Amino acid sequence: QVQLVESGGGLVQPGGSLRLSCAASGRTVSSYGMGWFRQAPGKEPEFVAGIRWSIGRTYYADSVKGRFTISGDNAGNTVYLQMNSLKPEDTAVYYCAADSRAYGTRRAGDFDSWGQGTQVTVSS
């Protein structure tokens with residue numbers, strides 16, 4: 001099983017940017033499907049973005065399309081989420097997840113490894 005550790009969260013003003021990182025250890029994840037999810041207080045976890053390195057495909061939730069970009073490094077060890085034009089409603093704990101079967105899914109239940117999460121707060 002792969003271990004995932006997120007970093008890069010913090011407090012940012014509306015309209016600002018943050019870049020989250022997800023470092024994988026235990027095995028290379030370039031053949032996996034990787035995803036970012038978020039969960040705000042009192043709400044269900046929400047899919048944010050996904051990537052299938054092997055076919056170069058990325059996909060996004062409508063709420064972040066055009067503002068967020070998911071990418072991976074060449075070594076297949078780190079996944080990034082570049083977040084621009086942040087809004088207060090983007091405030092949540094952000095989680096990185098790995099899908100060893102690389103389904104390219106948006107469903108949290110299809111991901112078999114999860115990080116511990118990193119807090120993103122968008123506020124003035």
Side-chain angles (χ1 to χ4, degrees):
Q1 193 172 15
V2 63
Q3 290 77 47
L4 304 172
V5 178
E6 302 97 334
S7 61
L11 173 64
V12 63
Q13 293 186 342
S17 298
L18 281 175
R19 189 175 82 154
L20 305 183
S21 298
C22 172
S25 61
R27 59 185 60 195
T28 302
V29 294
S30 57
S31 63
Y32 283 40
M34 299 295 294
W36 286 95
F37 290 77
R38 65 187 182 188
Q39 186 170 21
K43 294 189 176 181
E44 294 293 314
E46 175 189 17
F47 169 80
V48 175
I51 184 170
R52 291 181 63 191
W53 258 309
S54 59
I55 61 173
R57 176 178 176 245
T58 59
Y59 49 106
Y60 300 91
D62 288 343
S63 59
V64 307
K65 199 173 295 182
R67 300 188 297 124
F68 291 11
T69 303
I70 187 171
S71 62
D73 70 349
N74 290 333
N77 294 327
T78 306
V79 179
Y80 303 99
L81 184 68
Q82 178 67 43
M83 305 186 295
N84 299 328
S85 302
L86 283 161
K87 306 175 181 179
E89 51 264 42
D90 294 318
T91 295
V93 177
Y94 283 70
Y95 297 91
C96 175
D99 167 21
S100 59
R101 294 160 297 181
Y103 282 167
T105 179
R106 298 168 185 253
R107 299 189 304 177
D110 289 334
F111 289 80
D112 41 31
S113 298
W114 290 81
Q116 82 290 349
T118 185
Q119 176 70 47
V120 171
T121 302
V122 184
S123 175
S124 55

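All figures in this text were calculated on a predicted structure; none of them were measured in a lab.
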Picking from [options], what satisfies side-chain contact (heavy atoms from CB on, under 4.5 Å) with [X]?
X	options	value
Pro14	Ser124, Ser85, Ser123	Ser124
Val29	Thr78, Ile51, Val2, Asn77	Val2
Cys96	Phe37, Tyr80, Trp36	Trp36

(Q) Would you call the rings of Phe47 and Tyr59 parallel, tilted or perpendicular, taking 30° and 60° as the class edges? (A)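 Correct class here is parallel.
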Q. Mind checking whether Tyr95 and Trp114 have parallel, tilted or perpendicular rings, split at 30° and 60°?
A. perpendicular
Q. Any donor-acceptor pair under 3.5 Å linking the side chain of Thr105 with the backbone of Arg107?
A. yes
Q: Output yes when a side-chain donor or acceptor of Gln1 lies under 3.5 Å from a complementary backbone atom of Asp112, and no otherwise.
A: yes
Quick check: closest heavy atoms across [X] and [Y], and the distance to 0.1 Å?
X	Y	answer
Ala40	Ala92	N-CB, 3.8 Å
Leu18	Val120	CD1-CG1, 3.9 Å
Met83	Leu86	CB-CD2, 3.8 Å
Leu4	Met34	CD2-CE, 4.0 Å
Gly76	Asp73	N-OD1, 3.0 Å

**Q.** Ionic contact status for Lys65 with Asp62, cut-off 4.0 Å
**A.** yes
Quick one: pull up [atom1] in [X] and [atom2] in [Y] and give me the separation to the nearest 0.5 Å.
X	Y	atom1	atom2	value
Arg27	Ser113	CZ	OG	8.5 Å
Asp90	Arg38	CG	CZ	4.5 Å
Ile70	Arg52	CD1	CZ	13.0 Å
Tyr94	Glu6	OH	CD	12.5 Å
Phe68	Leu20	CZ	CG	8.0 Å
Thr118	Leu81	OG1	CG	11.0 Å

Q: Please collect all side chain to side chain donor-acceptor pair (under 3.5 Å) contacts where either partner lies in residues 7-25, sequence neighbours excluded, each pair once.
A: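 Listed by first then second residue: Ser17-Asn84.
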Q | Any Ser63 side-chain heavy atom under 4.5 Å of Glu89 side chain | A |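 Heavy-atom side-chain distance check fails, nothing below 4.5 Å.
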Q) Do Phe111 and Tyr60 share a hydrophobic cluster (ILVMFWY, side-chain heavy atoms under 4.5 Å, transitive)? A)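 No; tracing contacts between hydrophobic side chains, which count when under 4.5 Å, never links both residues.
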Q: Please step through side chain to side chain contact (heavy atoms under 4.5 Å, CB included) for the pair Gln119 and Thr91, ending with a clear verdict.
A: CA-CA 8 Å; Gln119 176 70 47; Thr91 295; 4.0 Å; yes
Q: Count the heavy atoms of every other residue, nucleotide or ligand shown that sit under 6.0 Å from CD of Glu44, and state whether that count exceeds 12.
A: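 Not buried by this count: 12 neighbours or fewer within 6.0 Å.
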